[in-house]
Number of protein chains: 2
Amino acid sequence: MDKPARTGRVTIRTVAADAGVSVAAVSKVLRNAYGVSDNLREKVLQSIEKLGYRPSTAARGMRGRTFSVGVLLVGMDNPFLPPLVDGFKHAMGKAGYKTLIGVGEARTHVETALIESMIDMRIDGLLLIGPRISGEALNKYADQVPIAVIGHHEAGATGFDTANTNDFEGGRLATRALIDKGYRDIAMLCLTDNRRKEGEVWYEREKGYRAALAEAGLKKSARSFRITERPDDMQAELLSLLARPDLPEAFFCWSDIHGVPLINLARRKGLNIPGDLGLISFDNTAAAALPLIELASVDQTPGRLGATAADQLLTRIKGRTTPRHDLIAPELITRPSF
Amino acid sequence: MDKPARTGRVTIRTVAADAGVSVAAVSKVLRNAYGVSDNLREKVLQSIEKLGYRPSTAARGMRGRTFSVGVLLVGMDNPFLPPLVDGFKHAMGKAGYKTLIGVGEARTHVETALIESMIDMRIDGLLLIGPRISGEALNKYADQVPIAVIGHHEAGATGFDTANTNDFEGGRLATRALIDKGYRDIAMLCLTDNRRKEGEVWYEREKGYRAALAEAGLKKSARSFRITERPDDMQAELLSLLARPDLPEAFFCWSDIHGVPLINLARRKGLNIPGDLGLISFDNTAAAALPLIELASVDQTPGRLGATAADQLLTRIKGRTTPRHDLIAPELITRPSF
DNA sequence: ATGAAAGCGCTAACAA
DNA sequence: TTGTTAGCGCTTTCAT
């Protein structure tokens, strides 16, 4: 006895009735499962088209796949993110998955709330970009849903995957370029961070910086300065850095987030770049390439990073359980700032 | 006969069993519905806490609210968006709603796919920021879910709400400021756009620009130039603009998207700003405030815009059906670029 | 005030 | 190959 929906909504039942088949048949067509004749499939597809039917993700979430994945961002104002998210979206889209985004505001409890919220919607996978939470806490979520992490090195993690630029290599690359240009007193700008520095991208870059100095016999000259990420205080800290009597000959800067304002302030202070001060930064964002900026910067190929994470998620969804920790080679984009 | 869940998942049943009450009771507590004694409520809340229970959004979506709303962005690289989305998120968060974001990539079919996908997840409301689709097409979705639009003027729409800066006033404000400074030959930079211009924010600003000129008896001197938004070609177009023999005394620029590169290129070309060329732009993004930029720009108070849209959605969810079209007053942020 | 039970729109055994 | 049906975890009448 067919119990037709009383609402106007087109459901799988409406389609089944219209096509004169069972709901199971429609479901099978939807998921291209085995055991459907071309004839039946054709009828169903026509009804779907005719009725404008779209399966309810909510209902799907109660049994199987939702064919949607989530991305968690720390904030929206990092210019490094758009190409990364695009690369990810594109790769997931080709596999038939929708991408939804949540913004964690760099606050741990907002971040966990968002992760849980996405899990509660039964998304099929989750990409975390530069998450505050990590390690132990992530494993807890990782057995509820496949997880990939970008922007945090955790090569020992077993429950989830990571995709990162080889930040160590990037730091080494940039520092070596400065050394090759003749600079000897090279300092590094890092991020002030109250979290454990182990695994942080800037810390990996710092290790690369120190390695390059050591290789050139300049180990003793290594100096790191820590600058805040908060826009309000950043400028003051950079200015007081530039006012130091022991200003180095060159800076390797962990990110364009600091690098672009730094080159701006230095020039405005009357310093010639690269005459008085050499500068290489990291991320190669659009701002670094601007006419009046022209800041050399290490490129992370963010699109590839995103696509790599997408592949990790897709293969996890298909059943892989052995962890993957992919490292992508960075490239120095040379500009006349050093 | 209690049929306990076989999976390890904590469901409403697990909680009911633990608290020794019915699932209906738990559901009522969850939604603070009427008819629950403080005693029962207390027991249930304790069990929820103890078991770490979180209701499944997917299951909720099949009957009532999901307590999540969606935001559709055209792209992620507009620096105007982060504070807007933050204002929205914050207001929705206070009302107990989660915010999920989709990125439309400025392609119509991606946009519609995303809107439908969010509706299929049974989100309770949808905010569209600068959507490509509009009017008729939106009404179709508006009777499936409450919709608010930012960044597109559609004061006649009845099915959904809009929240916008008073762009006409903003254009008038900026142009009048240039006139007051003594400029007479003032041109405007608009966006190249193959859509209908009616309703577009830049077009409203252009109307304000022309109104201000007319009010000052300068109607005849009005000139608009149209520049692409695509980063690849934008610079070339701006350069050829600056190379014109009939360069105006000042520009009013529809957005910092063009304004910031323009001031950069003009300075690099050797022009003194404001000596040789006066400049006022729109959006007051972070870049406009940078030391080496200092571009006067009309502020849109994006946070308020977001909060306004949130209020529209929340009241629609509560049952309002009469449309709201809110206009927010802009403010000119004066900087030495004119 | 509390609980039993009927769905919501799907998926996936299992039967036919 | 096709159809029947038992849930998935919740909300919401309707009894009690």
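- Considering only the side chain of B/S22, C/dG3 comes nearest among C/dG3, C/dC10, D/dG3.
- In this structure, B/A59 and B/L40 both approach DNA chain C, and ranking their closest nucleotides by distance from the 5' end singles out B/L40.
- At least one side-chain heavy atom of B/M76 sits under 4.5 Å from a side-chain heavy atom of A/V85.
- For the pair A/R54 and B/A25, nearest-nucleotide mapping onto DNA chain C gives the more 5' position to B/A25.
- Look at CG on B/D120: it is 9 Å from P on C/dC10, rounded to the nearest Å.
- What separates CZ of A/R41 from P of D/dT1 is a distance of 10 Å, to the nearest Å.
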Counting only pairs under 3.5 Å, give me each side-chain donor-acceptor contact of residues 29-41 of chain B, with atom names and distances, residues two or more places apart or in other chains.
unit_1	atom_1	unit_2	atom_2	d
B/R31	NE	B/S27	O	3.3
B/R31	NE	B/S27	OG	3.1
B/R31	NH2	B/S27	OG	3.0
B/S37	OG	B/L40	N	3.1

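- The shortest distance between side-chain heavy atoms of B/R65 and B/R60 does not fall below 4.5 Å.
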Mind listing the side-chain donor-acceptor pairs of residues 95-105 of chain B below 3.5 Å, one per line with the distance, residues two or more places apart or on another chain?
unit_1	atom_1	unit_2	atom_2	d
B/E105	OE1	B/R107	NH1	2.8
B/E105	OE2	A/K89	NZ	3.3

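- For the OP1/OP2 pair of C/dC8 and a distance below 4.0 Å, the side-chain nitrogens and oxygens of A/S56 include no atom meeting the criterion.
- As judged by a 4.0 angstrom heavy-atom cut-off over every strand, A/Y53 is placed among residues touching the sugar-phosphate backbone only.
- By the 6.0 Å contact criterion, NE2 on A/H325 is enclosed, its count of non-hydrogen atoms from other residues, nucleotides or ligands being greater than 12.
- Counting heavy atoms from C-beta on, the side chains of A/L138 and A/I133 come closer than 4.5 Å.
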Between the protein and nucleotides 12-16 of chain C, list the N/O to N/O atom pairs that are separated by less than 3.5 angstrom.
unit_1	atom_1	unit_2	atom_2	d
C/dA12	OP2	A/R31	NH1	2.4

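- Atom pair B/M62:CE and C/dC8:C1' shows a separation of 4 Å (rounding to whole Å applied).
- Taking 4.0 angstrom as the limit, B/S37 places a side-chain polar atom (N or O) nearer than this to OP1 or OP2 of C/dT2.
- Contact between the side-chain N/O atoms of A/R60 and the OP1/OP2 oxygens of C/dG9 is not found at any separation under 4.0 Å.
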